[in-house]
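So the structure is just underneath, and the comments pick up after that.
Fair warning: this is a prediction, and the values are worked out from it, not measured in the lab.
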Amino acid sequence: MPIDLRPAVYLSAPSAEIERAREVRETLTRHGVRVVGGDWIEEVEALGSEATGAADRDLVPCIWRQWIRQAHALLVLAPLGTTTSGVYRELEQALSLDVPVIVSCCAPYERVPLALLDREARVQGRWHHELDDQSAVAMAVRVARRESRS
């Protein structure tokens, strides 16, 4: 099987915002970016937000980590009026793996929840905040392309 050398992005979004995630995934794909682990959208549609059975829930963070490790960037769609715990766990994993993070959050940077902030990553240019999904996608594409060449 040939190795896919395209820049890769892991897309993190609340399961309650499937349509938003699908649109962003399609846009990333149109820009020539491989979306790592992006099939979670169909799994949630078919099985609900508890896409894996209770017995398998402990394995989910391990699977996320494998996908994030393959990515050149993590694109986080911050919740719009919903709650989520998975997004924060994926974010923590990306930071621990030194994967650049791009956050799409309509709140100004200084009002983003503290759980989404990492000063060291910001200082090192590994953290980007965009006010809308379109800008965040553009930044994710740029970052993933840059990281895939390094």
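Shortest non-hydrogen contact noted between L77 and A21 is CD1-CA, 3.9 Å. Considering every non-hydrogen atom in both I68 and V99, the closest pair reads O-CG2, 3.8 Å. The two atoms that bring S135 and E130 nearest to each other are CB-OE1, 3.4 Å, heavy atoms only. Taking every heavy atom of both residues into account, A71 and Y10 meet most closely at CB-N, 3.7 Å. Shortest non-hydrogen contact noted between A13 and V87 is C-CG2, 3.7 Å. Here the closest non-hydrogen pair linking L74 and S12 is CD1-CB, 4.1 Å.
Applying the side-chain hydrogen bond (donor to acceptor under 3.5 Å, both in side chains) test to every pair with at least one member in residues 140-150, sequence neighbours left out, gives these pairs: R126-E147. Among residue pairs with one or both ends in residues 69-81, none qualify as salt bridge (charged side-chain N to carboxylate O under 4.0 Å, His left out); sequence neighbours excluded. Pairs passing the salt bridge (charged side-chain N to carboxylate O under 4.0 Å, His left out) check and including a residue from residues 24-34, sequence neighbours excluded, read D4-R34, R25-E42.
At a threshold of 4.5 Å between non-hydrogen side-chain atoms, the residues E90 and V76 do not count as touching. The shortest side-chain heavy-atom distance between P7 and H31 does not fall under the 4.5 Å cut-off.
A donor-acceptor contact shorter than 3.5 Å is absent between the side chain of H129 and the backbone of V103. In terms of modelled atom types and a separation under 3.5 Å, the side chain of H128 and the main chain of A136 share no donor-acceptor contact.
Cluster annotation: V101 and W67 are assigned to the same hydrophobic cluster (Ile/Leu/Val/Met/Phe/Trp/Tyr, side-chain heavy-atom contacts under 4.5 Å, transitive). Side-chain heavy atoms closer than 4.5 Å link hydrophobic residues (I, L, V, M, F, W, Y) into clusters, and following such links, possibly through other members, connects V35 to I102. V36 and L95 fall within a single hydrophobic cluster, where Ile, Leu, Val, Met, Phe, Trp and Tyr side chains are chained together by heavy-atom contacts under 4.5 Å.
For the atom pair R20 CZ and I41 CD1, the distance stands at 11.5 Å (nearest 0.5 Å). Taking CD of Q93 as the reference point, atom CD of Q66 lies at 10.0 Å (rounded to 0.5 Å). Going from atom SG of C105 over to atom CG of D132 covers 11.0 Å, rounded to the nearest 0.5 Å.
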